[in-house]
Visitor: 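Here's a structure for you.
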Protein chains: 2
Amino acid sequence: MAKVEETGSYKGSEKLRPEEMIYQEMLDAILDRRLEPGMKLIEEDLAKTFGVSRARIRATFLQLAHDKLINLVPNRGAFVAEPTIDEAIEVFSARRMIEDGVARKVATSMTDARAAQIKNHLDREHTAHHDGDHRAAIILSGEFHLLLARLTGNLVIEEFLERLILRSSLIIAMYESPQPVDCSHTEHDQLLNALLSGDPDIAAAEMSRHLDAIRDRLQLQRPKPGKTDFASIFGRTPKSEAS
Amino acid sequence: MAKVEETGSYKGSEKLRPEEMIYQEMLDAILDRRLEPGMKLIEEDLAKTFGVSRARIRATFLQLAHDKLINLVPNRGAFVAEPTIDEAIEVFSARRMIEDGVARKVATSMTDARAAQIKNHLDREHTAHHDGDHRAAIILSGEFHLLLARLTGNLVIEEFLERLILRSSLIIAMYESPQPVDCSHTEHDQLLNALLSGDPDIAAAEMSRHLDAIRDRLQLQRPKPGKTDFASIFGRTPKSEAS
DNA sequence: GCATGCAAAATTGTTAACAATCATGTTGTC
DNA sequence: GACAACATGATTGTTAACAATTTTGCATGC
């Protein structure tokens with residue numbers, strides 16, 4: 001629970017430096033879809049909202065853009081990112097490539113203490129799921145992967161994967177199927193078993209399966225998400241194309 | 001040759017947008033060690049040098065800091081990064097974890113066209129080495145790894161690895177042994193053979209070996225690089241510690 | 001009625017001045 | 001002579017105003 005709040009709280013720990021707090025708040029808003037994909041982000045409005053100058057908002061924009069959570073268009077402004085289907089596929093493919101390696105490393109360096117650490121996390125995932133706390137379940141699910149990355153002891157991997165997991169969260173928020181089927185907590189159990197086997201190939205294979213499963217649960221076949229498909233809404237084909 | 005200039009030129013393609021040009025120039029200066037590790041970067045001086053406002057320099061700083069090429073200290077300013085030995089080890093360990101996956105993917109999706117593409121690159125590496133063009137050899141060596149990343153067809157991996165390779169370049173510039181022993185071009189040949197075998201395990205193993213070899217060629221055992229060790233210089237031990 | 005061009009409003013991009021903070025050198029005291 | 005307090009200069013952080021660009025609304029003409 002504490003862990004959940006630490007990473008995903010709305011305006012949780014208020015002793016953060018203001019710059020970090022603004023990043024965190026905008027991040028949460030995007031992942032919660034209070035800021036919808038494609039939405040224009042106006043500097044002055046945000047500056048007034050947070051009580052800071054436009055310069056700080058601009059700096060925050062650069063961070064968010066670097067993490068691919070917003071798009072920065074010269075002279076036009078900032079827009080909440082709308083990851084395409086191809087992007088979504090690429091992100092999970094990239095995660096597979098990296099997290100396979102993570103799984104290999106964790107599997108071959110497993111200790112009792114580490115196993116206990118993972119089990120403890122899984123307990124919290126199960127609790128959240130049992131309590132029907134969907135939001136906590138999603139956050140903990142992401143943190144499970146981050147925990148494995150941390151167990152490699154490699155900060156570079158950890159930081160990169162953290163960004164990639166955030167990006168995944170936006171993708172999931174955008175493409176998740178209407179009826180939430182977060183059965184992934186049982187998959188994490190299987191993953192732990194694979195890691196405990198100590199066999200890097202088995203661990204990597206299970207990680208690949210898991211990430212593919214997440215991807216396959218998404219609705220990645222919609223015509224063009226975010227962009228309203230008037231033709232299908234009104235049951236007719238467009239008369240002519242706009243210039 | 002064209003490729004070399006494209007990525008590593010001093011002030012090459014001047015039709016870049018000014019913001020990108022400034023990033024590129026500072027990047028080149030850091031990797032060339034014209035800007036030494038630890039050096040203070042003063043906003044106003046750079047602004048005058050490039051004929052832009054401090055605001056733009058600040059934005060460029062954020063980019064460079066994100067790539068870990070400079071350190072940003074609140075109220076103190078920006079300093080060229082001084083990767084520690086531990087950081088250097090972590091970067092190459094991270095690359096191994098990722099590039100193993102890259103090698104696996106490239107090995108299992110090899111075609112004649114791709115093999116030719118790689119061979120063509122190796123030819124250019126050999127030429128540069130034969131001509132004694134050390135600078136081009138280093139750049140091409142980095143681009144070899146980037147080429148493999150590109151062959152995975154995954155933009156996420158490609159972009160991340162690009163940053164990691166830049167960071168590696170700074171590390172190599174900082175820790176390379178006095179007598180340049182860039183024998184890595186023959187290692188790239190071996191890597192190609194491993195990729196052509198089509199066996200992902202062989203390819204990954206060869207990639208690991210190669211990256212470990214680069215790391216092991218570095219002088220990663222100095223007491224504290226960048227920070228002058230007066231005690232050893234003057235052959236005596238410090239009398240007392242500074243407060 | 002619809003497209004085109006123009007004018008106004010909104011928004012981003014840039015600059016310069018000011019405030020806050022940190023580094024440096026000096027002075028005074030013990 | 002060493003240390004601390006202080007004053008000075010340099011540098012970063014912030015703000016507000018201005019310029020450039022894009023978007024929007026409206027009027028005109030076909």
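Quick note on labels: first sequence line is chain A, next is B, and so on, each numbered from 1.
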Visitor: In terms of the angle between their ring planes, are B:Phe144 and B:His121 parallel, tilted or perpendicular, with boundaries placed at 30° and 60°?
Guide: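 Tilted: the ring planes of B:Phe144 and B:His121 meet at 30° to 60°.
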
Visitor: What nucleotide, of C:dT12, C:dA23, C:dT21, holds the atom closest to the side chain of B:Asn75?
Guide: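 Of all the options, the side chain of B:Asn75 is nearest to C:dT21.
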
Visitor: Using the salt bridge (Lys or Arg N to Asp or Glu O under 4.0 Å) criterion, which residues pair with B:Arg163? Sequence neighbours excluded.
Guide: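 If we apply the salt bridge (Lys or Arg N to Asp or Glu O under 4.0 Å) test to B:Arg163, skipping adjacent residues, the hits are B:Asp67.
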
Visitor: What's the spacing between B:Leu146 CG and B:Leu166 CG if we round to 0.5 Å?
Guide: 8.5 Å

Visitor: Apply side-chain contact (heavy atoms from CB on, under 4.5 Å) to B:Tyr175 and B:Ile85, showing your working.
Guide: CA-CA 9 Å; B:Tyr175 288 104; B:Ile85 292 173; 3.8 Å; yes

Visitor: Reckon B:Arg76 has a side-chain N or O less than 4.0 Å from the OP1 or OP2 of C:dA23?
Guide: yes

Visitor: Looking at DNA chain C, which of residues 39-48 of chain A put a heavy atom within less than 4.0 Å of it?
Guide: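 When residues 39-48 of chain A is checked for heavy atoms under 4.0 Å from DNA chain C, the hits, listed by number, are A:Lys40, A:Leu41, A:Ile42, A:Glu43.
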
Visitor: Not counting sequence neighbours, which residues clear ring-ring contact (aromatic ring centres under 6.0 Å, His included) with B:Phe92? List them please.
Guide: none

Visitor: Considering residues at least two apart in sequence or located in another chain, which fulfil the ring-ring contact (aromatic ring centres under 6.0 Å, His included) criterion with A:Phe160?
Guide: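 A:Phe160: ring-ring contact (aromatic ring centres under 6.0 Å, His included) contacts with B:Phe160.
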
Visitor: Reading DNA chain D 5' to 3', which nucleotide is the first, and which the last, to come under 4.0 Å of any heavy atom in chain B?
Guide: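 So the outermost contacting nucleotides come out as D:dT11 to D:dG13.
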
Visitor: May I have all residue pairs that pass salt bridge (Lys or Arg N to Asp or Glu O under 4.0 Å) and include part of residues 45-54 of chain A, sequence neighbours excluded?
Guide: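 The answer is A:Glu43-A:Arg54.
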
Visitor: Answer yes when A:Arg167 and A:Glu87 have at least one side-chain N-carboxylate O distance shorter than 4.0 Å, and no when they do not.
Guide: yes

